[in-house]
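For reference, the structure is listed below as C-alpha cells.
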Number of protein chains: 2
Amino acid sequence: MTGTRPEFFDENSEPISARIAMGLHKIGLAMKQQAWQQANEAGLSATQGQILAALVANGPLSGKELSERLGVTLPTISDSVRVLVEKALVTRSADPRHPRASLLAPTPKGASLGARARSWPEFMADAVADLAPDEQRAFFAGIVKMIRMLQEQGLIPINGMCVTCKHFRPRVRPGPSPHHCAFVDAPLSSDQLRLDCPEHELAAETARRELWEQFMRRG
Amino acid sequence: MTGTRPEFFDENSEPISARIAMGLHKIGLAMKQQAWQQANEAGLSATQGQILAALVANGPLSGKELSERLGVTLPTISDSVRVLVEKALVTRSADPRHPRASLLAPTPKGASLGARARSWPEFMADAVADLAPDEQRAFFAGIVKMIRMLQEQGLIPINGMCVTCKHFRPRVRPGPSPHHCAFVDAPLSSDQLRLDCPEHELAAETARRELWEQFMRRG
DNA sequence: TTGACAACTTAGGACTCCTAACTTAGATCA
DNA sequence: TGATCTAAGTTAGGAGTCCTAAGTTGTCAA
C-alpha cells in the first residue's frame, strides 16, 4: 500500500472548490454543536436563542418576518414564541402594518439573553484570530461573495448585506473606502461591508444585479 | 435619521473576526437546510445520509467510530443504524478488533446512496466557483487554519486533516509542493492538503503541535 | 469465578421541523 | 350589506434529532 506515488493526491483529491465545501461543512458542524450547547447553558433552545438574538438585533418583528430570517416555517416559530411568551422573555403587541400580525418585542430579561445569544457565533472569531490580517480580509471577501451567490440561488433566506441594499453605492470613489452608504451618507471600505444591517432595504432585482456587478468590477 | 455620519460603520460594525463568524453562521444555515432537503429527496434522513457517506468514504466503521466522526452520541447512531439495517442499506458483521463491536458496511444500494450523499455539500462548490483561483486558495487556507483551531479547542470531533496526521511532513522542500505525505510517499502542495484522508492517523499531542508549527512557519 | 471494561441498546424526554387543516381580522367588491 | 378573498397565525400530527440514564453482554485480568 505504500510506495512512491506522486499522482496519489491528484487522483484522490477533489477540486479545491469541493474541498472548500467540505471544510465549510465541518465548520458548520462545530457551529451547530456550539449553538446547541450554549443555548442549553442559557436555559434556552437553539431556536429560542436565535429568535431573541434577531429581536435584539433588528427591533420588533412579526412571526412571519422571523420565519423568513431564521429560515424555518411559521409553525416552528409560533411554537417557540409561545414558550418565550410563557417564560416572559417576549411580549406581543399589535402590528399596525397587518391586521392579524403581532409585533414581538423582548422584555428586559429577554433582551439581555438575546444580547448574549448574539455572541454565540463568536467562538468562531477566536478561531479566526490567529489568521494574519490580510488572510482575514481575504477570507471575509470570500464569505461575502459566497453568501451573495447562495442568496442568488435562493439558498439563504434573508440577508441584510450591503451588496443587495438599495442604499449601497459601490465604487463611487477611489482609495481605501470606495463604497458609499446612502442611508447614513458615509463612505465604507470592503472590510466594513455589513452582513446584517438593520437598515437594509432590498433593491429590486435588476438594481441588485447592477450593484453586484459594480461591486465585483476589478480595478 | 439620515445625515453625514462617517463614523457610523466603525461605531456599529463589529470587528472583522466577528463578521467572519456571522458570515459562517449564515453559510451554516444554508448548509443545514440543503442537507435536510437533499436527504429527504433521497428518502433518507440527514443523519442516515451522513452515515452512508462516511461508510463509503472511509470503509467499514463501528458505531463508536461513526459517533466520533459525526459528532453525535452513540444512541443517536444506534437509532439511525437500526433504520438503515431495516432498509437493507447497511449490514453488520463482527469487528475483529473489539468483542462487542460490529463493523457496519453499506450494501450495494446503500453504497450508491452514500456516494450521492457525499456530494451533498457540493452545492457550495458552485457558490465558490465564481471566486478567482487565488481567492479560492486564500479561502481554503483560511478554512484549514480555522478547522485546526477548532479542533485544538475540542469543537470539531475527528478530522482526517493532513496537518494532524503522523504521516505528514510539512515544509520538507522548497518550491510549490513543500510538504510530503510519508504514507503514500508523495509531495503535496498547500492546495492539496486533505481534510478527510481515509489513511489519516492522529499524531501524538506533542508531535501534532510540532507539525502545526512547522506548517505555519512562514518563509 | 468474579469484576471491570467497552461497545452497544433501550427507554424516555425535549426540541426541531415539516405539511395540512383550521381560524380570523380586515379589504374588496357585487 | 353581505360574500369572498387574503394574509398571518395556530393547532394537530408525525418523523427525526439529540441527549442522559440505565441496562446487556462478550472478553480479559485478577
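By convention in this document, chain letters (A, B, ...) are assigned in the order of the sequence lines, proteins followed by strands, and residues within each chain are numbered from 1.
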Any N/O pairs under 3.5 Å between the protein and nucleotides 19-24 of chain C? List them or say none.
from   : atom 1 : to       : atom 2 : distance (Å)
C:dT24 : O2     : A:Arg100 : NE     : 3.4

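Straight-line distance from the CG atom of B:Leu66 to the P atom of C:dC8: 9 Å, rounded to whole Å. Between B:Leu84 atom CG and D:dA15 atom C1' there is a gap of 15 Å when expressed in whole angstrom units. The distance between atom NZ of B:Lys64 and atom P of C:dC5, rounded to the nearest whole Å, is 14 Å. Remark: P of D:dG14 and CG of A:Asp79 are 16 Å apart, rounded to the nearest angstrom. Protein atom NZ of B:Lys32 is 12 Å distant from nucleotide atom C1' of C:dC15, rounded to whole Å. Computed from coordinates, the B:Ile51 CD1 to C:dC8 P distance equals 12 Å when rounded to whole Å. In this structure, the CG atom of A:Leu70 is 9 Å from the P atom of C:dC17, given to the nearest Å. Nucleotide C:dC8 holds its P atom 10 Å from the CD1 atom of B:Ile77, rounded to whole Å.
Non-hydrogen atoms lying under 4.0 Å from DNA chain C are contributed by B:Trp36, all within residues 33-49 of chain B.
The two residues B:Ser119 and B:Arg116 have their closest heavy-atom pair at OG-O, 2.7 Å. In terms of heavy-atom proximity, B:Ala21 sits nearest to A:Pro121 at CB-O, 3.3 Å.
For D:dG16, the OP1/OP2 oxygens have no side-chain nitrogen or oxygen of B:Arg82 closer than 4.0 Å. Of the side-chain N and O atoms in B:Ser80, none sit less than 4.0 angstrom from OP1 or OP2 of D:dG16. In this model, the phosphate group of D:dT10 is approached by a side-chain N or O of A:Ser78 to a distance below 4.0 Å at OP1 or OP2.
Here the options are A:Val72, A:Leu74, A:Ile51, the test is side-chain contact (heavy atoms from CB on, under 4.5 Å), and the partner is A:Leu66; only A:Ile51 passes. Residue B:His25 is tested with A:Glu122, A:Met124, A:Gln50 for a side-chain contact (heavy atoms from CB on, under 4.5 Å); the sole match is A:Gln50.
Distances were taken from every side-chain heavy atom of B:Leu74 (C-beta onward) to each of D:dC18, C:dA7, D:dG9; the shortest belongs to C:dA7. Minimum atom distance to the side chain of B:Ser102 is reached by C:dC8, of the listed C:dC8, D:dG9, C:dC17.
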Worked check of side-chain contact (heavy atoms from CB on, under 4.5 Å) between A:Val128 and B:Met149: CA-CA 8 Å; A:Val128 172; B:Met149 289 297 147; over 6 Å; no
List the steps and the verdict of side-chain contact (heavy atoms from CB on, under 4.5 Å) for A:Leu155 and B:Gln33. CA-CA 8 Å; A:Leu155 302 177; B:Gln33 293 193 106; over 6 Å; no
Take B:Arg169 and B:Cys181, measure what side-chain contact (heavy atoms from CB on, under 4.5 Å) needs, and give me the verdict at the end. CA-CA 6 Å; B:Arg169 308 279 182 274; B:Cys181 171; over 6 Å; no
For B:Asp79 and B:Thr47, run side-chain contact (heavy atoms from CB on, under 4.5 Å): C-alpha distance rounded to whole Å, both residues' side-chain angles, the deciding distance at 0.1 Å, then the answer. CA-CA 10 Å; B:Asp79 228 31; B:Thr47 310; over 6 Å; no
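Counting non-hydrogen atoms of neighbouring residues, nucleotides and ligands closer than 6.0 angstrom, the NZ atom of A:Lys87 exceeds 12 such neighbours.
Aromatic ring centroids of A:His180 and A:Phe168 lie 6.0 Å or more apart.
Between the side chain of A:Ser67 and the backbone N or O of A:Thr73 there is no donor-acceptor pair closer than 3.5 Å.
Nearest-nucleotide assignment on DNA chain D puts the 5′-proximal partner with A:Arg92, out of A:Arg92 and B:Gln50.
Note that the two end axes of the helix from C:dT1-D:dA30 to C:dA30-D:dT1 enclose an angle of 10°, each drawn from 5 base pairs, rounded to 10 degrees.
Under a 4.0 Å N-O distance rule, the pair A:Arg82/A:Glu86 qualifies as a salt bridge.
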